[in-house]
S.K.: 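Let me begin by handing over the structure; questions about it come next.
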Amino acid sequence: MFTSTWQRRAGAGWLVTLLAQAVGLFGALPSRAWAGADAPKVVLVPLLAGDGADAASAEKFTRLLRDELAARDEALQLFPMPGGEAPSRKGAPAAKADDGDSAAAAQKGVGLIEAGQEALGELRFDEAVSKLKAGIEAQLAAPAYAVFEKVKEAQLSLAQACFRTQDDRGTKEAFAALARLDPAFSLEEGRFPPAFASELEKARKRLAKQGKGTVTVDGPQGSTAFLDGRELGVVPATAEVPLG
């Protein structure tokens, strides 16, 4: 385990250096060295955002690394992740044009949510409502990159801001969205007034009256299914969701 930021970054740099050296070594070997034997099979696991690297940077670096590996088809075989597209033997697979934009939009959404929460803490309620709504919209527009824990926090903050501006409809809508995202969500005891717990419970009851439907998620064997950030288990997985 790396115990500080600089150690984590040093470890990441060391790993990238080793990988670069390995790629360079493969590129230097003549193609006949692999005659009569299969080239090594490599699966590139996408990098994830973390300390010092946002989602857009992680996605961009993964794509660049995949492009480099896919171009070395004489030295190795690049295999896709289960369920992914096979890489072209003439080069890298074509990435979706909007992948980087979606990641950047989701990251911007996180920034808007945090700015809205800051405005709420400083009692600037109208600004908080505006930024929280924009942040939630940006996050949910790119669900593959959404941080659903952040979205749930934002819905709760939005309910607070609407409550303070006496916007009853906005408060109910925020609690309804929160209950839909996470039916088991509970408020931290002592942090919120009793009225908040009551409104959240009312939102749950309203959703229950709408009835429920069933969602089944299937996919490659061994894959894990998620619904609004909640893990459902290994596919095929089934979950009940409120209608609407």
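Side-chain atoms are counted along with the backbone in the values below, which use heavy atoms only and exclude waters and symmetry mates. Just so we're clear, the structure is a prediction, and the values are computed from it rather than from any experiment.
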S.K.: Could you go through the side chain to side chain contact (heavy atoms under 4.5 Å, CB included) check for Q210 and R180 one step at a time?
M.R.: CA-CA 12 Å; Q210 294 178 14; R180 183 179 291 278; 3.4 Å; yes
S.K.: Inspect the surroundings of CD in E122 and state if more than 12 heavy atoms from other residues, nucleotides or ligands are less than 6.0 Å away.
M.R.: yes
S.K.: I'd like to know if the side chain of S223 and the backbone of P220 have a donor-acceptor N/O pair within less than 3.5 Å.
M.R.: yes
S.K.: Any chance you could pull the hydrophobic cluster mates of L181, using side-chain heavy atoms under 4.5 angstrom and chaining through other members?
M.R.: I113, V129, L132, I136, L140, F148, V151, L158
S.K.: Mind running side chain to side chain contact (heavy atoms under 4.5 Å, CB included) on L156 and F192 for me, showing each step along the way?
M.R.: CA-CA 10 Å; L156 181 56; F192 301 96; 3.5 Å; yes
S.K.: Out of curiosity, does V241 fall in the hydrophobic cluster containing L232 (side-chain heavy atoms, cut-off under 4.5 Å, transitive links)?
M.R.: yes
S.K.: What residues, two or more places apart in sequence or in another chain, satisfy side chain to side chain contact (heavy atoms under 4.5 Å, CB included) together with E137?
M.R.: none
S.K.: Looking at every heavy atom in both A128 and G116, which two are closest together, and how far apart are they?
M.R.: CB-O, 3.4 Å
S.K.: Name every donor-acceptor pair, under 3.5 Å, that has one atom in a side chain of residues 184-191 and the other anywhere in the protein, sequence neighbours excluded.
M.R.:
none

S.K.: Heavy atoms only: give me the nearest A159-T171 pair and the separation to one decimal.
M.R.: O-OG1, 3.8 Å
S.K.: Tell me if a side-chain donor or acceptor on S157 pairs with a main-chain N or O of E153 at a distance below 3.5 Å.
M.R.: yes
S.K.: For R124, does the CZ atom sit with more than 12 other heavy atoms under 6.0 Å from it, leaving out its own atoms?
M.R.: yes
S.K.: Test question: given the 4.5 Å side-chain rule for I, L, V, M, F, W and Y, name all other residues clustered with L112, or answer none.
M.R.: none
S.K.: What heavy-atom pair brings A176 and L207 nearest, and what distance separates the two atoms?
M.R.: O-CD1, 4.0 Å
S.K.: Could you check whether any side-chain N or O of T165 sits under 3.5 Å from a backbone N or O of A161, counting only pairs where one atom can act as donor and the other as acceptor?
M.R.: yes
S.K.: Please name all residues satisfying side chain to side chain contact (heavy atoms under 4.5 Å, CB included) with A142, sequence neighbours left out, ordered by chain then number.
M.R.: S102, A106, Y145
S.K.: Which pair of non-hydrogen atoms, one from K131 and one from A115, has the smallest distance, and what is that distance?
M.R.: CD-CB, 3.8 Å
S.K.: Sequence neighbours excluded, which residues qualify as salt bridge (charged side-chain N to carboxylate O under 4.0 Å, His left out) partners of R206?
M.R.: none
S.K.: Hey, could you give me each pair passing salt bridge (charged side-chain N to carboxylate O under 4.0 Å, His left out) that has a residue in residues 168-177? Not counting sequence neighbours.
M.R.: R169-E173
S.K.: Which heavy atom in A154 sits nearest to a heavy atom in Q117, and how many Å separate them?
M.R.: N-NE2, 4.2 Å
S.K.: So, K150 and E114, do they make that salt bridge, N to O below 4.0 Å?
M.R.: yes
S.K.: For E118, check salt bridge (charged side-chain N to carboxylate O under 4.0 Å, His left out) against everything at least two apart and list the hits.
M.R.: none
S.K.: Identify, with sequence neighbours excluded, every residue that meets salt bridge (charged side-chain N to carboxylate O under 4.0 Å, His left out) alongside K133.
M.R.: none
S.K.: With sequence neighbours excluded, give me every ring pair (Phe, Tyr, Trp, His ring centres under 6.0 Å) pair touching residues 158-181.
M.R.: F163-F196, F175-F196
S.K.: With sequence neighbours left out, write down each residue that passes salt bridge (charged side-chain N to carboxylate O under 4.0 Å, His left out) with D182, or none if nothing qualifies.
M.R.: K152
S.K.: If you look only at pairs with a residue in residues 231-241, which of them pass as a side chain to side chain donor-acceptor pair (under 3.5 Å), with sequence neighbours excluded?
M.R.: T216-T238
